[in-house]
Amino acid sequence: MNEHTIQHIVIVGGGTAGWMAAAAMSRFMNNGVTRITLVESDEIGTIGVGEATIPPIITFNRMLGINENEFLRATQGTYKLGIEFVNWGGVGERYFHPFGSHGEDLHGIHFHQLYLRERKRRVMQDISSWSMSGVAASLGRFARPTGEARSPIKDLFYAFHFDAALYAKFLRNYAERGGVRRIEGKIVATQLRGEDGFVESVTLADGQVIAGDLFIDCSGFRGLLIEEALNTGYEDWTQWLPANRAIAVPTALTGEPDPYTRATAHEAGWQWRIPLQHRMGNGIVYSSQYLDDDAAERTLLANLDGKTLADPRRIRFTTGRRTLSWNKNVVAMGLAGGFVEPLESTSIHVIQAAIAKLIALFPDKRFNPVERDEFNDQMRDLYEDIRDFIVLHYNATRRTDSPFWNHMRTMEIPATLRRKIDLFRAKGRLFREGRELFATTSYVAVMLGQHIVPEEHEPAVDALDEDKVAQALEEMRLGYLGVAQQLPSHAEFIAATGAAPPPQAAQPPTFSFADENPGFMPFTGAGT
């Protein structure tokens, strides 16, 4: 420690972003010198509804030492193995984007290249039949693999669905136990330092002044510090992602929760379906240019599975990102930093990524510009990677049934995405290296699921014996199916691991629900 050490971190805003940041800072900045204060007002609501996540959330929870069973119990959570897409390539069609990988590479050649050659020889099942997560999801089954698990169960990757408000409450308890001080109050003014324009302090409605060295802005779309105080600027992506409205409504469960999210495309947008333990999270994302609010609400309510539990909530947004995620001594996280619609469940991951990058590049009071620049470069790359992947879903469609889909199908797309599509369309090539979030499996799932089929496969595939490859592919498929059929149902697994609410399901006799580490339920699998 020295005179340059950050002594006071001030987090502006609670919700998912604020309390994720507070929890992580309490864990990794607990150096005996740095204090952490979170300011939030009960008068200001949060956007959070039911949330779906992607597998890196497991890393975040483990970094904090969070017990997975306790986490699911506290947040009414369920497991997620991927996303089912309905009506995206065409009306009446569906495909599955699984977590994890498709099959196994052979002799250094990507599995999807083997699959592409084989599907020219014969009719093939959907490529998700070669995904452990995809097959388990199709059967409504789940189990957590252990570190000692063998293939194919080791290839089962998962994330969570949970209630965002309960998650924030859970992390608040964690953070406050770690020494974070919460101050209730509404910020009415921000003071800047005259010499450099850095944020010096914020003033609450009751007159209290809170000074800090580093400020983390989690104030939502408003961007109280990053935008209103520092005028950072916002990069608007409406030209590629014109959806600017959402309506959310919870419903009662009508059966056992599925271990996956469903995204159903409609006339001018899409509808989410996120199963939790105690309810179903639902919502519609749409463009007001093509569909008015009342019509969107009617569409949503007409396509629900259960009884509504609350009035629909309407939300407005503009897809894009702050031109700088870190400006002067303010780091924006969550909605304050940007927003890309939740089609691939990336909102919480962006928060998590910002936290991890801030910790890795944590400054001192001198705020070296090279650290800020690196943070901003990495966050820009992340946002743009997510943007391109979301645009792919909209652009790769054969739908011609509405002005919205005609526009999305024919619009000019980012050059970075055009290059990916052209490379894949030629010979199925994908180069996913470096900072990209979505790996080869993700792009293959969406492109094949929405009819971007390569004209050829890589020439190297032809060096492998066709019959031997065909046999290997069939053995893989049967291996995934055989193991998935042995797994407990999703509901049985949740009940057996003690998540709330009860009801206690019978423990399947073929599994050992050991308690040596209550955060994991061992399953080693039969292996092939």
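Atom set for the values below is all heavy atoms of this structure, side chains included, hydrogens, waters and symmetry mates excluded.
Remark: aromatic rings of Phe170 and Phe162 are distant, center separation not under 6.0 Å. Between Phe493 and Tyr79, the distance from one ring center to the other falls under 6.0 angstrom. Checked against the 6.0 Å centroid criterion, the rings of Tyr286 and Trp270 do not qualify as a close aromatic pair. Ring pair Tyr158/Phe99: centre-to-centre distance not below 6.0 Å.
A donor-acceptor contact shorter than 3.5 Å links the side chain of Glu184 to the backbone of Asp42. With Trp88 contributing its side chain and Ala263 its backbone, the two residues share a donor-acceptor pair below 3.5 Å. Remark: side-chain polar atoms of Asp163 are not paired, donor with acceptor, to backbone N or O of Gln76 under 3.5 angstrom. The main-chain N or O of Gln271 is never found under 3.5 Å from a side-chain atom of His266 such that the two would form a donor-acceptor pair. Panel note: side chain Lys80, backbone Thr53; a donor-acceptor pair is recorded below 3.5 Å. Not one N or O on the side chain of Asp364 forms a donor-acceptor pair closer than 3.5 Å with the backbone of Ile6. A distance-only check finds a donor-acceptor pair linking the side chain of Asn376 to the backbone of Trp326 [under 3.5 Å]. Panel note: side chain Thr75, backbone Leu166; no donor-acceptor pair is recorded below 3.5 Å. No donor-acceptor pair closer than 3.5 Å links the side chain of Ser325 to the backbone N or O of Met379. Checking side-chain atoms of Asp217 against main-chain N and O of Ala336 turns up no donor-acceptor pair under 3.5 Å.
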I'd like to know whether Glu84 forms a side-chain hydrogen bond (donor to acceptor under 3.5 Å, both in side chains) with His97, so could you lay out the CA-CA distance, the side-chain angles of the two residues, the decisive distance to 0.1 Å, and finally the verdict. CA-CA 6 Å; Glu84 181 184 47; His97 171 196; over 6 Å; no

Intermediate values then yes/no, side chain to side chain contact (heavy atoms under 4.5 Å, CB included), Ile9 and Thr34: CA-CA 7 Å; Ile9 301 170; Thr34 304; 3.7 Å; yes

Start with the C-alpha distance between Ile54 and Glu344, add both sets of side-chain angles, then the distance that settles side chain to side chain contact (heavy atoms under 4.5 Å, CB included), and finish with yes or no. CA-CA 8 Å; Ile54 56 178; Glu344 282 285 351; 5.7 Å; no

Going through the distances and angles, do Asn282 and Thr251 end up as a side-chain hydrogen bond (donor to acceptor under 3.5 Å, both in side chains)? CA-CA 7 Å; Asn282 309 274; Thr251 57; 2.9 Å; yes

Take Arg181 and Leu38 through the test side chain to side chain contact (heavy atoms under 4.5 Å, CB included) and record every step on the way to the result. CA-CA 6 Å; Arg181 181 175 66 130; Leu38 185 144; over 6 Å; no

Does the pair Arg73 and Glu70 meet the rule for a salt bridge (charged side-chain N to carboxylate O under 4.0 Å, His left out), with working shown? CA-CA 5 Å; Arg73 184 180 300 113; Glu70 293 178 1; 5.5 Å; no

Would you please test Met333 and Ile216 for side chain to side chain contact (heavy atoms under 4.5 Å, CB included) and show each step? CA-CA 7 Å; Met333 294 185 184; Ile216 300 178; 3.8 Å; yes

For salt bridge (charged side-chain N to carboxylate O under 4.0 Å, His left out), just list the numbers for Arg144 and Glu68, CA-CA rounded to whole Å, side-chain angles, deciding distance to a tenth of an Å, and then say yes or no. CA-CA 11 Å; Arg144 276 193 300 250; Glu68 192 167 290; 2.6 Å; yes

Does the pair Gln450 and Tyr95 meet the rule for a side-chain hydrogen bond (donor to acceptor under 3.5 Å, both in side chains), with working shown? CA-CA 8 Å; Gln450 296 189 208; Tyr95 69 93; 2.6 Å; yes

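With a 4.5 Å cut-off on side-chain heavy atoms, Val12 and Ile187 count as touching. Side-chain contact between Phe160 and Ile58 is present, with heavy atoms from C-beta onward closer than 4.5 Å. The shortest side-chain heavy-atom distance between Phe389 and Val446 falls under the 4.5 Å cut-off. Using a 4.5 Å cut-off on side-chain heavy atoms (C-beta onward), Asp213 and Pro363 make no contact. At least one side-chain heavy atom of Leu171 sits under 4.5 Å from a side-chain heavy atom of Ile66. Side-chain contact check for Ile494 versus Thr78: some heavy-atom pair is nearer than 4.5 Å.
Take Glu384 and apply the salt bridge (Lys or Arg N to Asp or Glu O under 4.0 Å) test, not counting sequence neighbours, and it matches no residue. The salt bridge (Lys or Arg N to Asp or Glu O under 4.0 Å) search around Asp305 returns Arg273, not counting sequence neighbours. In terms of the salt bridge (Lys or Arg N to Asp or Glu O under 4.0 Å) criterion, Arg141 has no residue partners (sequence neighbours excluded). Applying the salt bridge (Lys or Arg N to Asp or Glu O under 4.0 Å) rule to Glu371 yields no partners; only residues at least two apart in sequence or on another chain are considered.
Closest approach of Val180 and Ala22 over heavy atoms only: CG2-O, 3.6 Å. Closest heavy-atom contact between Leu487 and Ala136: CD1-CB, 4.1 Å. Residues Tyr383 and Gly337 approach most closely at OH-C, 3.3 Å, considering heavy atoms. Counting all heavy atoms, side chain and backbone alike, Leu224 lies closest to Ser219 at N-OG, 2.7 Å. The two residues Gly220 and Arg322 have their closest heavy-atom pair at O-NH2, 4.5 Å. Of all heavy-atom pairs spanning Gln352 and Thr59, the tightest one is NE2-CB, 4.4 Å.
Rounding to the nearest 0.5 Å places CE of Met476 at 5.0 Å from CD of Glu104. Distance check, rounded to the nearest 0.5 Å: CZ of Arg172 to CD of Glu176 gives 4.5 Å. Atom CG of Asp385 is separated from atom CG of Leu437 by 6.0 Å, given to the nearest 0.5 angstrom. Within the model, atoms CD1 of Ile247 and CD1 of Ile315 stand 9.0 Å from one another, a figure rounded to the nearest 0.5 Å. Separating the OG1 atom in Thr319 from the CD atom in Glu341 is a distance of 5.5 Å, to the nearest 0.5 Å. The CG atom of Leu64 lies 8.0 Å from the CE atom of Met20; values are rounded to the nearest 0.5 Å.
A donor-acceptor pair shorter than 3.5 Å cannot be found between the side chains of His110 and Thr440.
Classified by interplanar angle (parallel below 30°, tilted 30° to 60°, perpendicular above 60°), the ring pair Phe85/His393 is tilted.
The list of side chain to side chain donor-acceptor pair (under 3.5 Å) pairs with a residue in residues 127-140, not counting sequence neighbours, reads Asp126-Ser128. Residues in residues 5-32 take part in no ring-ring contact (aromatic ring centres under 6.0 Å, His included) pair, two or more places apart or across chains.
Salt-bridge annotation for Glu297 and Arg314: present, with a side-chain N of the basic residue lying under 4.0 Å from a carboxylate O of the acidic one.
No more than 12 heavy atoms of other residues, nucleotides or ligands sit less than 6.0 Å from atom CG of Asp311.
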